[in-house]
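Since the structure comes first, as structure tokens, the remarks are kept for the end.
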Amino acid sequence: MKDVYIADAVRTPIGRYGGALASVRPDDLAAGVVRALLDRSPGLDPARIDDVVLGAANGAGEDNRNVGRMAALLAGLPVTVPGATVNRLCASGLEAVIQAARAVAVGDASLVVAGGVESMSRAPWVLPKPERAYPRGHEQLHSTTLGWRLVNPRMPDRWTVSLGEATETLAARYGVTREAQDEYAARSHRLADRAWRTGALEAETALVEGSDLTADESIRPDTSPQGLARLRPAFTAEGTITAGNSSPLNDGAAALLVTDAEGLAEHGLRPLARVVSTGAAGVDPVSFGIGPVHAVAKALDRAKLSLGDLATVELNEAFAAQVLACMAEWPGLDPELVNPAGGAIAIGHPLGCSGARLAGTLAHRLSRTGGYGVATLCIGVGQGLALVLEGTEGS
């Protein structure tokens with residue numbers, strides 16, 4: 001098995017639902033970060049890329065089922081470079097990075113572009129075909145932006161509740177209070193704002209052609225626990241989860257350059273981080289938010305590491321309650337190491353992009369600090385995914 005490296009990582013600023021990137025097609029968002037990634041490595045011959053693997057959670061609209069191939073063509077890569085799209089819902093972008101790393105590790109590829117994209121603003125409505133021809137009644141459109149649609153009637157009702165309702169049960173189980181959630185959400189905005197102001201995210205960001213968005217659009221620097229406390233529960237009347245302590249709906253794309261030692265040498269690349277291990281786990285669908293705990297445990301076990309060995313963690317903030325539940329299961333982890341540049345509550349959560357964004361942010365940080373880190377996400381319908389990286393400081 002070959003050592004696998006992240007040679008570079010780039011992402012768009014993340015746009016709000018209906019915001020600055022809403023006019024940009026998802027295939028164009030993806031093509032933009034693929035092109036930006038190659039432009040940052042002028043010594044790299046695009047024809048030498050073995051594959052393009054992108055994650056997308058939707059696929060029902062302008063991403064045209066296989067946005068990986070569409071992005072490669074739109075980015076101007078030679079037609080000989082293939083492309084694939086993978087879907088593990090919220091972790092689709094990280095799944096793409098992991099699949100690229102596996103291909104490189106076993107020698108099936110030497111240079112792969114991996115990442116993810118989502119335009120939740122442009123996610124279409126879908127109209128199911130009728131069971132019989134010429135129906136007389138009305139038909140119903142279903143939104144593909146987020147959540148269940150066209151549910152199989154054999155699925156148990158308790159599994160098909162909304163993500164927010166499921167997280168309310170997790171908050172109750174772990175005793176996560178509304179106050180704790182609002183405090184954590186305010187922290188996410190504060191740290192993300194500081195990261196942009198200090199330039200900590202500059203190296204990983206590429207602007208979107210035709211847009212003047214220069215930073216993540218959902219960040220609200222003036223967010224406070226007191227202000228968040230005034231928001232009403234979003235999912236249940238007596239609940240604790242609000243729009244303010246949940247991740248918003250977003251648009252964005254991210255791409256990483258995954259290669260081996262030969263690829264680094266041949267193309268004059270310096271690695272940001274080395275891929276150490278991965279872990280995927282399944283949990284009860286209603287407990288989806290705790291999935292990262294089990295995925296990280298698998299990844300660390302394979303790496304022969306413990307939580308105490310980690311220098312930093314990028315944990316996707318689907319909900320503050322979900323983050324705090326996971327951290328309750330990680331008593332050996334310093335909470336200040338989690339999302340030190342803010343997380344999805346502030347930055348945003350464009351589903352197919354988020355896993356790749358986390359991996360890219362982690363790789364850039366570890367390239368500066370060295371040490372081990374993990375990127376991990378919870379996944380709707382009960383899964384978790386994790387990737388352990390080691391920084392290559394000084395390489």
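When reading the values below, keep in mind they use all heavy atoms of this one structure, side chains included, and skip hydrogens, waters and symmetry mates. These numbers come from a predicted model, not from an experiment.
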Separation between CZ (Arg122) and CD (Glu62), nearest 0.5 Å, reads 4.0 Å
Thr376-Glu314 side chain donor-acceptor pair, cut-off 3.5 Å
no
Between Asp216 and Arg11, does any side-chain N to carboxylate O distance fall below 4.0 Å?
yes
- Establish, from distance only, whether the side-chain atoms of Arg365 and Thr312 form a donor-acceptor pair under 3.5 Å. yes
| query | Is it true that a side-chain atom of Thr361 and a backbone atom of Leu358 form a donor plus acceptor pair closer than 3.5 Å? | reply | no
Where the side chain of Thr169 meets the backbone of Ala166, is there a donor-acceptor pair that is under 3.5 Å apart?
yes
Q.
In this structure, would Leu44 and Val258 fall into the same cluster of hydrophobic residues linked by side-chain contacts under 4.5 Å?
A. no
| task | Return yes when atom CZ of Arg197 has more than 12 non-hydrogen atoms of other residues, nucleotides or ligands closer than 6.0 Å, and no otherwise. | result | yes
In this structure, OG1 of Thr12 is separated from CG of Leu207 (nearest 0.5 Å) by 9.5 Å
Do the side chains of Leu315 and Leu377 join up, straight or via other hydrophobic residues, at under 4.5 Å, putting them in one cluster?
no
Next on the checklist: Under a plain distance cut-off of 3.5 Å, with no hydrogens placed, do Glu317 and Asn339 share a side-chain donor-acceptor pair?
Outcome noted: yes
Practice item. Would you confirm whether Arg65, through its side chain, and Gly59, through its main-chain N or O, come within 3.5 Å as a donor-acceptor pair? Key: no
*Side-chain donor-acceptor contact under 3.5 Å, Glu95 with Ser92*: no
message = Taking the side chain as everything from C-beta on, heavy atoms only, tell me whether Thr144 gets closer than 4.5 Å to Trp125.
response = no
According to a hydrophobic-cluster definition based on side-chain heavy atoms being under 4.5 Å apart (Ile, Leu, Val, Met, Phe, Trp, Tyr only), do Phe235 and Leu146 belong together?
yes
Between Ser287 and Arg173, do the side chains contain a donor N or O and an acceptor N or O under 3.5 Å apart? yes
Main-chain N/O of Phe319 paired to Gln322 side chain as donor or acceptor, under 3.5 Å | yes
Original post:
Are Ile98 and Ile379 connected in the hydrophobic side-chain network, where two residues link if heavy atoms are under 4.5 Å apart?
Top reply: yes
> Between the side chains of Ser218 and Asn250, is a donor N or O closer than 3.5 angstrom to an acceptor N or O?
Replying inline: yes
Exercise. For atom CZ of Arg194, decide whether the heavy atoms of other residues, nucleotides or ligands shown that lie under 6.0 angstrom number more than 12.
Key: no
| query | Would you call Arg48-Glu266 a salt bridge at under 4.0 Å N-O? | reply | yes
Per side-chain contact (heavy atoms from CB on, under 4.5 Å), Glu329 is matched among Leu307, Val296, Ile290 by Ile290
| message | Between Ser121 and Gly18 (side chain of the first, backbone of the second, donor and acceptor by atom type, cut-off under 3.5 Å), is there such a pair? | response | yes
>> Looking at Glu262, I want to see if its CD is surrounded by more than 12 non-hydrogen atoms of other residues, nucleotides or ligands under 6.0 Å.
In response: yes
Checklist entry - Would you say Ser41's side chain and Gly43's backbone share a donor-acceptor pair under 3.5 angstrom? => result no
Salt bridge (Lys or Arg N to Asp or Glu O under 4.0 Å) evaluation trace for Arg158 with Asp284
CA-CA 10 Å; Arg158 74 182 201 88; Asp284 187 295; 2.5 Å; yes
Heavy atoms of other groups near Trp159 CH2, more than 12 under 6.0 Å: no
Rounded to the nearest 0.5 angstrom, the CG-OG1 distance for Leu111 and Thr259 is 4.5 Å
Is Asp157 atom CG crowded by more than 12 heavy atoms from other residues, nucleotides or ligands, each under 6.0 Å away? no
Q) Is there a chain of hydrophobic side chains (I, L, V, M, F, W, Y, each step under 4.5 Å between heavy atoms) that links Val374 to Leu389? A) no
Q. Is there a donor-acceptor pair closer than 3.5 Å between any side-chain N or O of His364 and the backbone N or O of Ala9?
A. yes
Determine yes or no for a side-chain-to-main-chain donor-acceptor pair under 3.5 angstrom, with Arg302 supplying the side chain and Thr278 the backbone. yes
Sidechain-backbone polar pair: Glu168 side chain, Ile241 backbone, donor-acceptor under 3.5 Å: yes
### Query
Do the side chains of His189 and Ile345 get nearer than 4.5 Å, heavy atoms only?
yes
State whether the side chain of Glu217 and the backbone N or O of Arg16 hold a donor-acceptor pair below 3.5 Å, judged by distance alone.
yes
Which of Leu29, Asp251, Leu213 passes side-chain contact (heavy atoms from CB on, under 4.5 Å) with Val24? Answer is Leu29
**Item:** Basic-acidic side-chain contact under 4.0 Å: Asp309, Lys304
**Value:** no
